[in-house]
2 protein chains.
Amino acid sequence: MQIMSEKGAAGGGLRERKKRATRAALAEAAVRLAAEHGAEKVTVEAISAAAGVSVRTFFNYFDTRDDAFVVIDADAGARMRQAVLDAPAALSPLEALREAMVAELAEAEQQHELWRLHAQVLHASPHLLVRSLGAHMADETELAEAIAARIRAGGRPATASVPGAVPGPGSDEERRKALDLYPRLLAAVAGTAVRTSVEHWYARQEEGAFLDVFQEVFALLAAGLPAPPAPPA
Amino acid sequence: MQIMSEKGAAGGGLRERKKRATRAALAEAAVRLAAEHGAEKVTVEAISAAAGVSVRTFFNYFDTRDDAFVVIDADAGARMRQAVLDAPAALSPLEALREAMVAELAEAEQQHELWRLHAQVLHASPHLLVRSLGAHMADETELAEAIAARIRAGGRPATASVPGAVPGPGSDEERRKALDLYPRLLAAVAGTAVRTSVEHWYARQEEGAFLDVFQEVFALLAAGLPAPPAPPA
DNA sequence: TGCAAAAATGCACGTCGTGCAAAATTAAGG
DNA sequence: CCTTAATTTTGCACGACGTGCATTTTTGCA
């Protein structure tokens, strides 16, 4: 089994490291084979053989063959949430979210060749693209909860002192509801920024600049957001 | 084969009507069986038998067994886009979008029992929920393009005369990019409103009020949006 | 009614995905 | 170094999924 650059949270035991390596090897083999022959023509047997494990073992790591094409990094979502929660308290929720995403995307860009193949595979079969979008969206929901937790915990009501921010003539009830919705809106904007910039990056085949594009898109979308409502309490 | 209330755009030929009826019968049978026995325990054979067709015919209508659980209304997305395009020119993009969604959701609510079962099935198997989210998101992308087309075609730059709308000190270049992004942001907000209100509606088991909840969530989320940027030309 | 197009069906076949039990590997001590 | 318990890998069998192809049935129309 080919040793891979073990990324992510450096695990402790040898067992866990080997499991992560096997999982990564399977995912990478799946993507490379799919990019070459087309996802539909790649059997689980071929993926397993390329990763050096048995077919049965493949299904110990992935519930479905398609998962190997879609879920390249299983715990990226968890890392994102943790990064949002661990961000310095001085950052507004929006800034914390942006920094967390920039860090995650920067890490992913270190393997941009694999990610380009990944995008190519998804682009080639709409079926897989839908699965990927769904997984992305499920992560987004959990991310919204992490944002909400951060807002509840953190003392600062974000960028409350922005000059353009209207205090809002809403009642306390309205502000409470808006406060419930704000994390979702934030997560939706962030997700839209990611998808849009990935799409742009994939369309133009220029190498670098991806993070710059993301930052710009994020800023433009975020310009449409008001400061979060002040808590009614 | 059980005759179903043929909904949607009343098709012309008898052939198309029968095809839609068969498709609806299969989807409904799938959802009802899944709600009763659990989606994983429902075979294609059972669904086909319940709808009165052969197993092979099932696969003439759905690429996958799971599609029958997920895609209850195949052309809802197309209707949405058409409604957005056909909305009176006096409406802003935001208003046109809201009216289109309200109309669509109102129609769906006429079969709220089936939709409740549908939500229950998705809720029971995260696997299917992800698929549904992905399909929803793919529709959202196409919806954004319809919105963009409407903005390009329609004469009015939307609610440009809103008092709170800042003209924005951005350059023409920035406004052009923001204009490209605005439809996506709008679609994202609308999608978030739908998912949030559906979630709320499913959590509380109260009967009516769904459309009211949606309108409120939509308004609260939209409050975070600025007027669309004026075209640079 | 007769004819052509479209849809439904049956059948065969390869692949997927799972339960179960046996074999191999690992961590921890004596 | 060797033993032992826990974890992981693997093989095997089996039901279900999904597809290609030829055939039969149904529909639309003259």
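Labels below follow one simple rule: chain letters A, B, ... track the order of the sequence lines, proteins then strands, and each chain is numbered from 1.
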message: Here's one to test your reading of the geometry: is the NZ or CZ of A:R23 within 45 degrees of the ring axis of A:F62 and under 6.0 Å from its centre?
response: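 A:R23 over A:F62 ring: yes.
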message: Check this for me: does the side-chain of B:R56 come within 3.5 Å of the base of D:dG20 through a donor and an acceptor?
response: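 Flag set: donor-acceptor pair detected.
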field: Per B:K18 side chain, nearest of listed nucleotides C:dC16, D:dT26, D:dC17
entry: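 Nearest to the side chain of B:K18 among the choices is D:dT26.
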- request: Counting heavy atoms from C-beta on, name the nucleotide in D:dT7, D:dT9, C:dA7 closest to the side chain of A:T22.
  value: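 Closest nucleotide to the A:T22 side chain: D:dT9.
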Figure out the [atom1]/[atom2] separation between [X] and [N], and round it to whole Å.
X: B:I47; N: D:dG18; atom1: CD1; atom2: P; result: 10 Å
X: B:E16; N: C:dA7; atom1: CD; atom2: C1'; result: 13 Å
X: A:N60; N: D:dG11; atom1: CG; atom2: P; result: 12 Å
X: A:R15; N: D:dT7; atom1: CZ; atom2: C1'; result: 4 Å
X: B:D63; N: D:dG20; atom1: CG; atom2: P; result: 11 Å
X: B:F59; N: D:dG20; atom1: CZ; atom2: C1'; result: 14 Å
X: A:R17; N: D:dT8; atom1: CZ; atom2: C1'; result: 18 Å
X: A:K41; N: C:dT15; atom1: NZ; atom2: C1'; result: 12 Å

- prompt: Are A:H127 and A:D66 linked by a side-chain donor-acceptor pair shorter than 3.5 Å?
  reply: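 Result is yes, a qualifying pair exists.
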message: Does D:dT9 have its OP1 or OP2 closer than 4.0 Å to a side-chain nitrogen or oxygen of A:Y61?
response: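 Affirmative; the distance criterion is met.
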- prompt: Reckon B:T57 has a side-chain N or O less than 4.0 Å from the OP1 or OP2 of C:dA8?
  reply: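 Checking C:dA8 against B:T57, no side-chain N or O comes under 4.0 Å of OP1 or OP2.
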task: Using modelled atom types only, decide if a donor and an acceptor are shared between the side chain of A:R184 and the backbone of B:T196 within a distance under 3.5 Å.
output: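 Absent.
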- request: Please confirm whether the backbone N or O of B:E95 pairs with a side-chain atom of B:S92, one donor and one acceptor, at under 3.5 Å?
  value: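 Confirmed, B:S92 side chain pairs with B:E95 backbone.
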query: Taking any strand in view, what nucleotide pairs with D:dA30 in a Watson-Crick or G-U wobble way, both distances under 3.5 Å?
result: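 In the structure as shown, D:dA30 has C:dT1 as its Watson-Crick or wobble partner.
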query: Touch check for B:R65, heavy atoms < 4.0 angstrom, all strands: base, sugar-phosphate only, or nothing?
result: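 Sugar-phosphate only.
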message: Can you tell me how the ring of B:F218 sits relative to the ring of B:F214, calling it parallel under 30°, perpendicular over 60° and tilted otherwise?
response: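 Judged by the thresholds at 30° and 60°, the geometry between B:F218 and B:F214 is tilted.
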